[in-house]
Protein chains: 2
Amino acid sequence: MDQTDDLRIDHAPLTLRALAVDRLRSAIIAGRFQGGDRLVERTLCDQLGVSRSVVREAIRYLEAEGLVETAPRAGPIVARLDWDQARQVYAIRRLLEADAAAACARVASPAVKADVASALAGIEAAFATPDNRDLYAATTAFYRVIFTSAGHHIAWEIVQRLNGRISRLRALTLGTTDRKLSGPAHMARIAAAIGANDPEAAATAVRAHLDEAAEIARLLLEGQG
Amino acid sequence: MDQTDDLRIDHAPLTLRALAVDRLRSAIIAGRFQGGDRLVERTLCDQLGVSRSVVREAIRYLEAEGLVETAPRAGPIVARLDWDQARQVYAIRRLLEADAAAACARVASPAVKADVASALAGIEAAFATPDNRDLYAATTAFYRVIFTSAGHHIAWEIVQRLNGRISRLRALTLGTTDRKLSGPAHMARIAAAIGANDPEAAATAVRAHLDEAAEIARLLLEGQG
DNA sequence: GGGAAAATCTTGGTATACCATCATACGACA
DNA sequence: TGTCGTATGATGGTATACCAAGATTTTCCC
């Protein structure tokens, strides 16, 4: 925090493209577009107020992210999600998040523990609000602390991308189990394990949390067909 | 395999964009572009013989893949790779590949075992050729069998993407250790564990292989600075 | 009412133009 | 001579127009 930082003009490098990607991703994650919905370029141009170039490049980006699928000649659609995919996503998250939590617990300094505690408090605060998005954001922030403090930046990228794919599902599971029952308790166990520098306990707590979330997701998805 | 399949003309949905992405990705993986090299749009238009739109969309795709970085105002460059990133990549591969090998060993049918054995033979054959690319391709095919037969399609996507990031590194490690010493032996151990339906042994063999590859990579990268 | 032909929509692709920014080079002035 | 300012070119970001081909919808005729 020296003065050079303060003087630096943080000229936002916001390209229209980056904004469009964010808007579209948010819209998909928020469920504004359903899986299978067509993303008609010129319609999006109107809705976003930008040109086709911008929309097309944004779609390419989301395509590589796995949020959008481009059928051979039919144009882009919002990626569909079935239980088999969701199962794989939860399995991968289980590996990566357990590993990150263990690594975080292994190296956690007092400062990191304070960040984790603060993020946990954020979850508990969001738990009291009626809006699921607050809980969603708070949970994301909690895991971000864990991943980044463990130095697992690439794994965090991957997890975020995976969460994008199952975002609607995640919003649903957050709205049921996590909110009502064991979610905050699991988070507290994770935070406690990190506070105690107990990697094995942290990993176990993460696995328990994800196994439960996956089970809820399975019930939701298989119920819908 | 009914006749409709045989009659179907598999009209490749090859868009120019897809071709451009493949070309660029291959060029980067093959080392034709070094990390940090600028990707000047109009130059690529000439080299690929396509218009700027196609080039730009291809770059967006590769950007989301992590092979290309777009600096705020400097335009796209080939992503750089340092040991910290490579370390993370090997750690993630270790988790995903060990899990996939274990899952594959758990469920492997005689047909899967035959595929694995065949892929192993491919590695040993490529081992005898002077071109590293053959070994690269054969190794990729080996792991593809493992991942897809375990149903870990999303994990395979992730691993492929990660491998893209460390591709030059991977080519180097394949060219040293894997070729000369333990590489094929490790692969044989993995295949044997799958053949014996022994998940734990398969996972252990994968971890041993990757730990060695990561160590070679570390020496290479830290040596270069 | 069903099916074929036509109209329309949409995407993939190209070319072009315009602007802002950045770097470079060149020239003028102290 | 050295420094500053400006002209210029390269480049990325954005917008627009256009065309071909495939997909979809509509229409119209039997």
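The figures here come from the full heavy-atom set of this structure, side chains too, leaving out hydrogens, waters and symmetry mates. The sequence lines fix the lettering, A, B, ..., with proteins before strands; numbering per chain opens at 1.
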Using a 3.5 Å cut-off and no angle test, enumerate the donor-acceptor pairs between side-chain atoms of residues 121-128 of chain B and protein atoms at least two apart in sequence or in another chain.
none

For residues 145-158 of chain B, the salt bridge (Lys or Arg N to Asp or Glu O under 4.0 Å) pairs (sequence neighbours left out) are Arg165(A)-Glu157(B)
Determine whether a donor-acceptor pair (one donor, one acceptor, N or O, separation below 3.5 Å) exists between the side chain of Ser53(A) and the base of dA15(D).
yes
Report the distance from atom [atom1] of [X] to atom [atom2] of [N], rounded to the nearest whole Å.
X: Tyr61(A); N: dG13(D); atom1: OH; atom2: P; result: 13 Å
X: Glu69(B); N: dG12(D); atom1: CD; atom2: P; result: 16 Å
X: Ile77(B); N: dT11(D); atom1: CD1; atom2: P; result: 16 Å
X: Leu44(B); N: dA10(D); atom1: CG; atom2: C1'; result: 15 Å
X: Arg17(B); N: dT14(C); atom1: CZ; atom2: P; result: 11 Å
X: Leu16(B); N: dA21(D); atom1: CG; atom2: P; result: 14 Å

Once each nucleotide of nucleotides 6-11 of chain C is scored for protein heavy atoms under 4.0 Å, what B/S/- sequence comes out, 5' to 3'?
----SB
Has Arg80(B) got more than 12 heavy atoms of other residues, nucleotides or ligands less than 6.0 Å from its CZ?
no
What pairs of residues pass the side-chain hydrogen bond (donor to acceptor under 3.5 Å, both in side chains) test when at least one of them lies in residues 21-32 of chain B, not counting sequence neighbours?
Asp22(B)-Arg25(B), Arg25(B)-Glu65(B)
Can you list everything that forms a ring pair (Phe, Tyr, Trp, His ring centres under 6.0 Å) with Trp156(B)? Sequence neighbours excluded, please.
Phe147(B)
If the condition is salt bridge (charged side-chain N to carboxylate O under 4.0 Å, His left out), which residues does Asp37(A) pass it with, not counting sequence neighbours?
none
